[in-house]
Amino acid sequence: MNTALTGILQILSPGVLLLMLGGTVIGLVAGALPGISATMAVALLVPFTFSMPAISGLALLGAIYMSAIYGGCFSAILINTPGTPSSIGTCFDGYPMARQGRGQQAIIVATVASVLGGLFGVAALAFLAPPLANVALKFGPPEYFWVAIFGLTIIATLCSKSLIKGIMGGLLGLLISTIGIAPIGGDVRFTFHTPALQGGVELVGTLIGLFCLPEVLSMILDGSRTYETVDVKQSKGVFGTTFRQVLAQPMNLLTSSVIGTVVGIIPGAGGSIANLVAYNEAMRSSKHPEKFGTGIIDGVIATETANNATVGGGLIPLLTLGVPGTPVDAVIYAGLLIHGLRPGAELFTRFADVTYGFIFSLFVATLMMLPVGLLLGTALHKLVSKLSIRILAPSIMFLSIIGSYAIRNNIMDVWVMLICGVIGFMLKMLKVDPAPVVLGLILGPLAEAGLVQGLLMGRASGMGWRLFFTRPVSLLLLAMSVFSLVWPIISAQVRKRRAKEVGTGA
Amino acid sequence: MRNSNVVASILMLVIAAILWPQMKHLTYFGIVFPRAVIVALVAAAVVLLVLTLIRREAGKHDIQAPNLGTVAIVVALMAVWIAIMPWLGFYVTSVAVFGLLMLVIDPSVRNAKSFFVSLAGVAIELALFYVAFSTLLEVPLPRGILF
């Protein structure tokens, strides 16, 4: 308890608070820029935290993450283009509100909802993660193997339009993770006689390559970016009225927060799915569903509450099991690793000061979004939306180069980043989502260590491979993996049959 | 051949074909995981290919790749950037390649005045990052023969 308190007090030091304020502004700018996702923003800025104390670095990343997810609402409301995929649903009602001259109200609604959703997610993280970490203590290698496989099957299913392509992406990520020295046995694998690859591919550079470069290249292909921004008229007294209007929808707030947190916990899903699920649920349970899409606050509340609630939710499986809940969490995982922190029970015991400090920093960063978003959000959005692509694209490339170099001061990591970027771009053209690749890359070591150690345990006990199919938790995880693979196929068949029946009926 | 399923399947099969022979001299515990992954990758690629052929979707062109020439130039410039950075110096290389990238990405900047104004701004932006990394964050950036 005292250790946790030490971490919390460190967050309240002026230096860390200032850093988090900077992170909130950076996240807001990144989120407000269409084409720059929260994943990209955090990936580009992870290297900046390298020389900082772990708690400061993680607090900065957490602030950027939370604020970037929120920042996406500005372009959704003001230019009808979601700044991040997490704000797609905000366009549906936020933009009509802005067109009706209620832009200020839409921004206040989005801000308050984001703060409340974010706080709910962080509370869920604070209360659910420690007991889950204790449960994870009871897992052996076979269970960890199945956790990794379950994570991969879910990710492959959710992240890709094609199940097989999602699986192929995940498998490709697993293969990349095997480059270098084998964890048991010490074999050197797939290095093509390059000594620099013996330590494996450097995670941050690879993530920057896979998440950032394909987006920049697509940005260049799309050409000029011209947006027509709706003017926002500032009126006095709107905040109080709107704040009360948001609080007058407790069920919408609660349901969307729960949806966001649960979707965040499911590996691979994240804000891009949560905001749409919450929007649909708000519409389904509304007394006036026909008004959705015409500019009512209910829709904005649902999407913005849910997407920020995914932040805390997504960190639950990451901090306890090492399975990233969302693509941004995959980058946060890399941020933890560069500070020598490995997800699992140890984070809540040996490194409790850093972990609880990090969780508390998310709480503070969420509160910071309120003044920063309301005072600077619109002006910042106006400023950055004028940024020319000829400056923006090379700037991101520059950050990609400097970021991938900074971790180990090794030029080979920069080459790996470029190669991964080209591979990521090719995969994007082939409609293979990069998220399963990245998560395969992260879950690969967990899966391999679980498999090989489990095999050794099986040999020692005389059970061999059967060990993976006899322990109760392993069996549960296996069943969940099979279900997550088979379910999309079954549901697609059901949808097809229903469509056919409707067609025949007509 | 511009069907994403066909190209993705073939690409995965090629990757598997390149990596498989590399496992010849590995021990059991070094090989067990990657071998299983490669087998699964080949199976997934074959299933995708066969399904695409059965559904007669192979002829459906769904890969949209306009301006691939520009992308190739941008990637080549990045490669040049990385290659000469340790030799010429981080800052100088970055400003030079940044300028070239601006010309490639936005042809309207070929107006000399607008180009140099943008480049001056870029030089300041990069200098700030250079100082931030080399002094505040203590990351030693490649100095080369210049800086």
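Just so we're on the same page: letters track the sequence lines, and every chain starts at 1.
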Classify the angle between the aromatic ring planes of A:Phe398 and B:Trp81 as parallel (below 30°), tilted (30 to 60°) or perpendicular (above 60°). parallel

Sort [X] into side chain, backbone, both or neither according to what part of it lies under 4.5 angstrom from a heavy atom of chain A.
{"X": "B:Ala132", "result": "neither"}
{"X": "B:Tyr130", "result": "neither"}
{"X": "B:Ile18", "result": "side chain"}
{"X": "B:Thr27", "result": "both"}
{"X": "B:Ala45", "result": "both"}

Below 4.5 Å from any heavy atom of chain B, which atoms of A:Leu451 appear? Answer side chain, backbone, both or neither. side chain

Is it the side chain or the backbone of A:Leu213 that comes within 4.5 Å of chain B heavy atoms, both, or neither?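 Side chain only.
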
Under 4.5 Å, counting heavy-atom pairs only, tell me which of [options] racks up the most with chain B.
{"options": "A:Pro183, A:Gly186, A:Pro394", "value": "A:Pro394"}
{"options": "A:Val414, A:Val422, A:Ile181, A:Val188", "value": "A:Val414"}
{"options": "A:Pro47, A:Ala182, A:Ser395", "value": "A:Ser395"}
{"options": "A:Phe50, A:Phe425, A:Phe192", "value": "A:Phe192"}
{"options": "A:Gly444, A:Ala393, A:Ala406, A:Gly185", "value": "A:Ala406"}

Which residue out of [options] racks up the most heavy-atom pairs below 4.5 Å with chain A?
{"options": "B:Ser9, B:Gly121, B:Ala79", "value": "B:Ala79"}
{"options": "B:Val47, B:Thr70, B:Val74", "value": "B:Val74"}
{"options": "B:Val122, B:Leu11, B:Leu101, B:Leu48", "value": "B:Leu48"}
{"options": "B:Ser94, B:Ala44, B:Ala16", "value": "B:Ala44"}
{"options": "B:Leu26, B:Leu77, B:Val32", "value": "B:Leu26"}

Considering only heavy atoms from C-beta outward, does the side chain of [X] approach that of [Y] to under 4.5 Å?
{"X": "B:Val71", "Y": "A:Ile220", "result": "no"}
{"X": "B:Met23", "Y": "A:Phe190", "result": "yes"}
{"X": "A:Thr178", "Y": "B:Val37", "result": "no"}
{"X": "B:Ser4", "Y": "A:Met429", "result": "no"}
{"X": "A:Leu399", "Y": "B:Phe129", "result": "yes"}
{"X": "B:Gln22", "Y": "A:Thr191", "result": "no"}

After noting the C-alpha distance and the side-chain angles of B:Val7 and A:Met426, does the key distance pass the side chain to side chain contact (heavy atoms under 4.5 Å, CB included) rule? CA-CA 10 Å; B:Val7 179; A:Met426 281 166 63; over 6 Å; no

Which pair of non-hydrogen atoms, one from B:Gly30 and one from A:Arg189, has the smallest distance, and what is that distance? O-NH1, 2.8 Å

Between A:Val432 and B:Ala8, what is the shortest heavy-atom contact and its length?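 Closest approach of A:Val432 to B:Ala8: CG2-CB, 4.5 Å.
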
Could you go through the side chain to side chain contact (heavy atoms under 4.5 Å, CB included) check for B:Ile31 and A:Asp187 one step at a time? CA-CA 9 Å; B:Ile31 207 173; A:Asp187 293 292; over 6 Å; no

Interatomic distance, [X] atom [atom1] to [Y] atom [atom2] [nearest 0.5 angstrom]:
{"X": "A:Leu175", "Y": "B:Met12", "atom1": "CG", "atom2": "CE", "answer": "9.5 Å"}
{"X": "A:Met397", "Y": "B:Ile105", "atom1": "CE", "atom2": "CD1", "answer": "5.0 Å"}
{"X": "A:Ile401", "Y": "B:Met78", "atom1": "CD1", "atom2": "CE", "answer": "4.0 Å"}
{"X": "A:Ile402", "Y": "B:Met85", "atom1": "CD1", "atom2": "CE", "answer": "8.5 Å"}
{"X": "A:Ser404", "Y": "B:Ile82", "atom1": "OG", "atom2": "CD1", "answer": "7.0 Å"}
{"X": "B:Phe29", "Y": "A:Glu448", "atom1": "CZ", "atom2": "CD", "answer": "11.5 Å"}

Mind running side chain to side chain contact (heavy atoms under 4.5 Å, CB included) on A:Leu217 and B:Val75 for me, showing each step along the way? CA-CA 9 Å; A:Leu217 295 175; B:Val75 171; 4.1 Å; yes

Flag for A:Lys165-B:Asn5: side-chain donor and acceptor within less than 3.5 Å: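 Checked: B:Asn5/A:Lys165 side chains pair up, N/O donor to acceptor below 3.5 Å.
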
Quick check against the 3.5 Å criterion: does B:Asp106 have a side-chain atom that pairs as donor or acceptor with the backbone of A:Arg390?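 Such a contact is absent between B:Asp106 side chain and A:Arg390 backbone.
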
